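A quick note: this is a predicted structure, and the numbers were derived from the prediction, not measured. Labels below follow one simple rule: chain letters A, B, ... track the order of the sequence lines, proteins then strands, and each chain is numbered from 1.
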Amino acid sequence: MQRMHTLNKYERLKSKKLIERLFKEGNRFSVFPFKVVVLAGSFENSSSPVQFGISVPNKVVPKAVNRNRIKRQVREAWRQNKLSLYEQLQKTETSADGQVIQLCVMLIFTSKKACTFDFIQRKLRKVIFQLGEHYG
RNA sequence: UCGCAUCGCAUGCUAUCGCUGGCUCAAGGGCGGUUUUCUUGUGAAAUUGACCCGAUGGGCGAGAGGAAAGUCCGGACAGUGUAGAGCGACCACACCACCUAACUGGUGGGACUUUGUGUAAUGCGAAGGACAGCGAGUGCCAUAGAAAAUUUCCUUUUCCGCCUUUUUUAUAGGCGGGAAUGAGGGUGAGAACCCGACUAAUGGUCGGGCUGUUUUCUGGUGACGGGAAACAGGGGCAAACCUUGUGGGCUGAAAGCUCAAAUAGGCUAAGAGGCUCAGUAUUAUUUAUAUGCUGGGCGACCUGCUGCUCGCAGGUUCUUGGUGGGUAGAGCGUUAGAGGCGUAUGGCGACAUGCGUACUAGAUAAAUGAUAGCACCGGGUGAAAUUUUUAAAGUAGCUCGGACAGAAUUCGGCUUAUCGCGAUGCGGUUUU
RNA sequence: GAUCCUGUAGCUCAGCUGGUAGAGCAUAUCACUUUUAAUGAUAGGGUCCUGGGUUCGAGCCCCAGCGGGAUCA
């Protein structure tokens, strides 16, 4: 765990197949501006503990500029706050029988209004806390 | 100071933390070569390479728009196909000349309509438009009106017949029939081109004007403008069907090309394969038996012929190997271009040509940023010190705002959205 | 990226090749009923998505825009 505040290719959810599987089999819960879909298991295409994706529906935010901005803000917040989740996952890995647990997380943004960065960050911390409770 | 038109710009800097792809250095791994060592096995270690990978760490430089948008046109490119060949259908366009790779784009011009202004008069300026054809055909023109298009309802003119009045004829009136005509008839968006003279009449003739066609002279590359003669008077609608002319093959990067796992299915090769009868061949041979081939019947399943039954026709299973197609996925297409900037020449202009110059966005659940601070620009409000007629100053400060909008193969246009700023030109108002 | 359809009353839809914009449900009032529902009668309610154009006259024809929806791996 040298550099934590990064978000490179292999920490992002990119495989179309995996996303389809995630939506078919994953568990769902929601924290107000987000709907979260999670799938636990071990995936071969990446060594990262968590693969993360954000989706903003076209119907909720009609303009592409605003959609991009929300995605960037959420990605930024995730980047800065994912550290605690990673630590919890590593703890369980070492204490249990060495089975690697990886998570796929997809956030769906559902608020129609634009939010400030602070608000998004607070809510995202709550999401990460809940993920840690369930899988950590 | 306000408005219009055209052109240009589209807030910047710093700090912290990040993203994408490129080059490069270094760890690390793979592969190959060489050497050493031993317990001789394709083991271990070391070293090396214009080699490959590289999710790790440095360094360097790059990274959204004028509309990236809408997807409304036209290309490039790709596939199909032979189609920079014809015909038909369908679609698009339509004054002229030019520009362009091309266009429904652009530039310049012509006629028309509207409008402003001015003159004795011709004029001058601005704006507008899909400005071929209804003097080919078909269709439509509600209500109103006689009639909405080779007019015929009334009135009018004239001729014939009958009746009435009258001594009779004539005249006058009425009725019926024939002919002529389009002057008049509440209308309507639109009414048979308009005015005058002659006459039975409104016809016809003559004169003048308007419009159109043909011929001709003239200016212009041309649309068209100016004049003369003859003929004609046929209302509007083609953003009604349509006619004429011109152009277009169709499909779009989710195009398309290459590599390619598992499963299922296709084709093909080999092997095995329900019961029974007949014929035939081989082995063996006295028969019988075994195997192969051909044909028939029976049984099971599927499909079709009519929904069901009968009947008829066709087909059939398993194992292994090969093969081509091809899905998930990956790569290419994929970023340098009919391009930008400067300058010279030609052209009224769109633009063309020559020379010089600088380049490099390339993502794919989709990068090009997030947070904070400062500056800058614009609007509103609005001091004080100081000097003092007044200026300082619409300054400082406070406050609000900084738009529209995010590449997705690419280029040229069009359209739409847009806080503002600057330049040029034209016009208005105020002051000097 | 490409292609296509659609917009009319509060809702669902008609409106033929242009000539005074309609139906059903809903709403309001009245009648019926002890009351409600159902039923009957009456009434109100329209930017025909927006802006231009053609025409004497556009819901309809043409152009541009805005909104909604669908299809193509």
Side-chain angles (χ1 to χ4, degrees):
Chain A
M1 294 280 162
Q2 307 90 340
R3 297 180 61 84
M4 288 320 300
H5 300 295
T6 60
L7 186 64
N8 54 30
K9 249 189 193 177
Y10 300 88
E11 294 177 284
R12 283 183 291 182
L13 193 49
K14 292 196 122 176
S15 161
K16 195 169 166 186
K17 233 176 169 179
L18 192 54
I19 291 164
E20 272 173 21
R21 195 179 143 202
L22 170 65
F23 275 100
K24 220 179 250 179
E25 303 174 9
N27 299 318
R28 291 146 192 265
F29 64 93
S30 67
V31 174
F32 160 62
F34 302 111
K35 217 162 144 185
V36 189
V37 186
V38 200
L39 184 67
S42 60
F43 311 107
E44 290 176 355
N45 63 340
S46 170
S47 62
S48 165
V50 179
Q51 291 182 57
F52 162 78
I54 165 72
S55 168
V56 183
N58 206 348
K59 285 206 173 180
V60 175
V61 183
K63 292 200 174 167
V65 173
N66 302 336
R67 249 179 289 140
N68 275 353
R69 186 178 159 79
I70 288 165
K71 282 184 189 172
R72 282 167 182 158
Q73 284 177 328
V74 172
R75 236 180 274 134
E76 191 72 10
W78 178 269
R79 183 170 71 76
Q80 291 181 5
N81 295 291
K82 65 177 182 174
L83 180 67
S84 57
L85 182 61
Y86 279 28
E87 277 177 349
Q88 263 179 315
L89 285 174
Q90 262 207 339
K91 237 182 267 168
T92 56
E93 185 189 326
T94 48
S95 63
D97 44 338
Q99 180 87 31
V100 180
I101 296 178
Q102 289 177 302
L103 292 183
C104 278
V105 181
M106 176 65 94
L107 297 182
I108 301 168
F109 193 82
T110 54
S111 167
K112 288 193 178 180
K113 280 191 275 182
C115 304
T116 61
F117 183 71
D118 267 355
F119 180 77
I120 289 173
Q121 202 169 24
R122 250 185 299 131
K123 291 294 184 179
L124 201 72
R125 276 185 189 141
K126 208 166 168 188
V127 170
I128 287 169
F129 177 74
Q130 285 195 13
L131 284 173
E133 289 274 294
H134 283 275
Y135 298 97

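Legend: residues meeting side chain to side chain contact (heavy atoms under 4.5 Å, CB included) with A:Val31, ordered by chain and number and at least two apart, are A:Phe29, A:Lys123, A:Lys126, A:Val127, A:Gln130. A:Arg69 meets the side chain to side chain donor-acceptor pair (under 3.5 Å) test with no other residue; sequence neighbours excluded. Checked against side chain to side chain donor-acceptor pair (under 3.5 Å), A:Gln73 has no partners two or more places apart in sequence or in another chain. For A:Arg122, the side chain to side chain contact (heavy atoms under 4.5 Å, CB included) criterion is met by A:Phe119, not counting sequence neighbours.
Between A:Leu124 and A:Val74, the closest heavy-atom pair is CD2-O, 4.1 Å. In plain terms, the two heavy atoms of A:Ala77 and A:Gln121 that are nearest each other are CB-CA, 4.3 Å.
Spacing between B:U56 and B:G401 at atom P, rounded to whole Å, works out to 43 Å. With C1' as the reference atom, B:A142 and B:G236 are 16 Å apart, rounded to whole Å. Rounded to whole Å, the C1' atom of B:C93 lies 15 Å from the corresponding atom of C:C63. Nucleotides B:C87 and B:G133 place their P atoms 27 Å apart, quoted to the nearest Å. The separation of B:C241 from B:A228, taken at their P atoms, amounts to 42 Å, rounded to a whole angstrom. Nucleotides B:G105 and B:G412 place their C1' atoms 9 Å apart, quoted to the nearest Å. Annotation: B:A89 and B:C242 have their C1' atoms spaced 16 Å apart (nearest Å). The gap from the P atom of B:G380 to that of B:U71 amounts to 41 Å, rounded to the nearest Å.
Residues A:Ile128 and A:Val36 share a hydrophobic cluster, clusters being chains of Ile/Leu/Val/Met/Phe/Trp/Tyr side chains in contact below 4.5 Å.
Using a 90° window around 0 for the glycosidic torsion, B:A64 falls inside it and is classed as syn. In this entry the base of B:G66 is syn relative to its sugar, with a glycosidic angle within 90° of 0.
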Please produce a list of atom pairs where a protein N or O lies less than 3.5 Å from an N or O of nucleotides 417-419 of chain B.
none

Give me, pair by pair, the N or O atoms of the protein and of nucleotides 402-405 of chain B that are less than 3.5 Å apart, along with how far apart they are.
{"unit_1": "B:A405", "atom_1": "OP1", "unit_2": "A:Lys63", "atom_2": "NZ", "d": "2.6"}
{"unit_1": "B:A405", "atom_1": "OP2", "unit_2": "A:Lys63", "atom_2": "NZ", "d": "3.0"}

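Contact annotation: A:Arg69 reaches the phosphate of B:A370 (side-chain N/O to OP1 or OP2, under 4.0 Å). Not one side-chain nitrogen or oxygen of A:Arg72 sits closer than 4.0 Å to the OP1 or OP2 atom of B:A367. Between A:Gln80 and the phosphate of B:U16, there is no side-chain N or O to OP1/OP2 separation shorter than 4.0 Å.
In the set B:A366, B:G369, B:G406, the nucleotide with an atom closest to the side chain of A:Arg75 is B:A366.
The side-chain hydrogen bond (donor to acceptor under 3.5 Å, both in side chains) contacts involving residues 26-39 of chain A comprise A:Asn27-A:Tyr135, where partners must be two or more places apart or lie in separate chains.
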